[in-house]
Amino acid sequence: MPELPEVETTVRGLARYLDGEVLTRVVTHRADLRRPFPPELAQVLTGARVTGLSRRAKYGLIHVDRGQTMVFHLGMSGRWRIEPDEIGKHDHLVLETGAGHRLALCDPRRFGSVDLVETARLDDWAPFAGLGPEPLSPALTPAHLAGALKGRIAAIKLMLLDQRIVAGLGNIYVCEALYRARIHPERQGGKVSRAALERLVPAIKTVLAEAIEAGGSTLRDYARPDGELGYFSKQFDVYGRESEPCRSCGGAVKRIVQGGRSSWFCPDCQK
DNA sequence: AGTAAATCCTGTTCGC
DNA sequence: TGCGAACAGGATTTAC
């Protein structure tokens, strides 16, 4: 499940193969993922030089020297494969570089997306226009969250998944951050105390930073030996640990469903 | 306006 | 052993 740290790790890994390189071949093996591929994708990218890569929320950005940026989203099963031995049925987009590298965007469930956006207008691009602050930037503060949550009755867990409030958090790291901040996932957004928000903001930043660090260290150069980018092992405190002991109090971690997806938390530590 | 639910996908896991 | 149900879940749309 690629969330912000996995996308960041993927982008850093891709940069080693793409930054400064010319794209010599761009091939799509189907017409769409979640959305249609841009019809002009291959034409615009072929022969272009990559001028840099970056990330916004859970989107990866590949900037080229024609004033265009290829924006990809990994959905929930997307990954880039470096030098794949063979192109499989889920390798929907394949890039080749002047240095002779081949990269494949593989996405079995096809929840991902690929778009082409004018670089100068990225901030105005509809999917980006309404995004909240980057969680690792100074713009994410307790005051920002207090303003966004004020008067809201929706559960804090669901509000943190809202990309308009904070951009880039997904189910895993919301569960982990709420655990660290000792906030119950079902607490109404507007009823989270200022003191709790003061714990939550650093909890979000550290849990993400640690995950990025884990990706960089466990993957070594951000790629697994088999060439897959973006997935790494990380020890979680609560995510996926139903009935297992809380690392703080020893009580059983509980799983509930909110908004149709699982939340894990410690009912004793999180209030 | 805010909230909740449905939708899209397929590979994996689980229960009977 | 085999089959179907449940599950994973981000972003978007629809409904209330």
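It should be emphasised that the depicted structure is a prediction, and the values quoted were computed from it without experimental measurement. We name chains A, B, ... by the order of the sequence lines, and we start the count at 1 in each one.
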Does B/dC9 have its OP1 or OP2 closer than 4.0 Å to a side-chain nitrogen or oxygen of A/His90?
no

Atom CZ of A/Arg255 to atom P of C/dA8: distance rounded to whole Å?
6 Å

Trace of the side-chain contact (heavy atoms from CB on, under 4.5 Å) decision for A/Leu105 with A/His92:
CA-CA 6 Å; A/Leu105 177 59; A/His92 309 303; 5.9 Å; no

Rounding to an integer number of Å, can you tell me how far A/Arg110 CZ sits from B/dT7 P?
18 Å

Expressed in angstrom and rounded to an integer, what is the separation of A/Met76 atom CE from B/dT7 atom P?
18 Å

Give A/Arg261 one of three labels, base, sugar-phosphate or nothing, depending on what nucleic acid heavy atoms sit under 4.0 Å from its own.
base

Let me know the distance between CD of A/Glu186 and P of B/dT3, rounded to the nearest Å.
15 Å

In whole Å, what is the span from the CZ atom of A/Phe111 to the P atom of C/dT12?
13 Å

Using whole Å, report how far CD1 of A/Ile165 lies from C1' of C/dG10.
15 Å

Reckon A/Ser113 touches a base, only the sugar-phosphate, or nothing at all at heavy-atom distances under 4.0 Å?
nothing

Below the 4.0 Å mark, does B/dT3 have OP1 or OP2 next to a side-chain nitrogen or oxygen of A/Arg152?
yes

Any N or O donor-acceptor pair linking the side chain of A/Arg109 to the base of C/dG10 at under 3.5 Å?
no

Look at the side-chain heavy atoms of Ile, Leu, Val, Met, Phe, Trp and Tyr, link any pair under 4.5 Å apart, and say whether A/Leu136 and A/Leu140 land in one connected group.
yes

Look at A/His73 and C/dG10 and indicate whether a side-chain polar atom (N or O) is within less than 4.0 Å of OP1 or OP2.
no

Phosphate OP1/OP2 of C/dA11: any A/Gln163 side-chain N/O under 4.0 Å:
yes

Is A/Leu33 touching bases, backbone alone, or none of the nucleic acid, heavy atoms closer than 4.0 Å?
nothing

Interatomic distance, A/Glu242 CD vs B/dC14 P [rounded to whole Å]:
12 Å

Among A/Gln258, A/Arg261, A/Arg152, side chain to side chain contact (heavy atoms under 4.5 Å, CB included) partner for A/Leu158:
A/Gln258

Can you list everything that forms a ring pair (Phe, Tyr, Trp, His ring centres under 6.0 Å) with A/Phe236? Sequence neighbours excluded, please.
A/Tyr239

Can you tell me how far C1' of C/dA8 sits from CG of A/Asn171, to the nearest Å?
10 Å

May I ask you to verify if any side-chain N or O of A/Lys150 is less than 4.0 angstrom from the OP1 or OP2 atom of B/dA1?
no

Pair A/Gln235-A/Arg247, side-chain contact (heavy atoms from CB on, under 4.5 Å): steps then yes or no
CA-CA 11 Å; A/Gln235 172 121 324; A/Arg247 301 193 202 285; 3.6 Å; yes

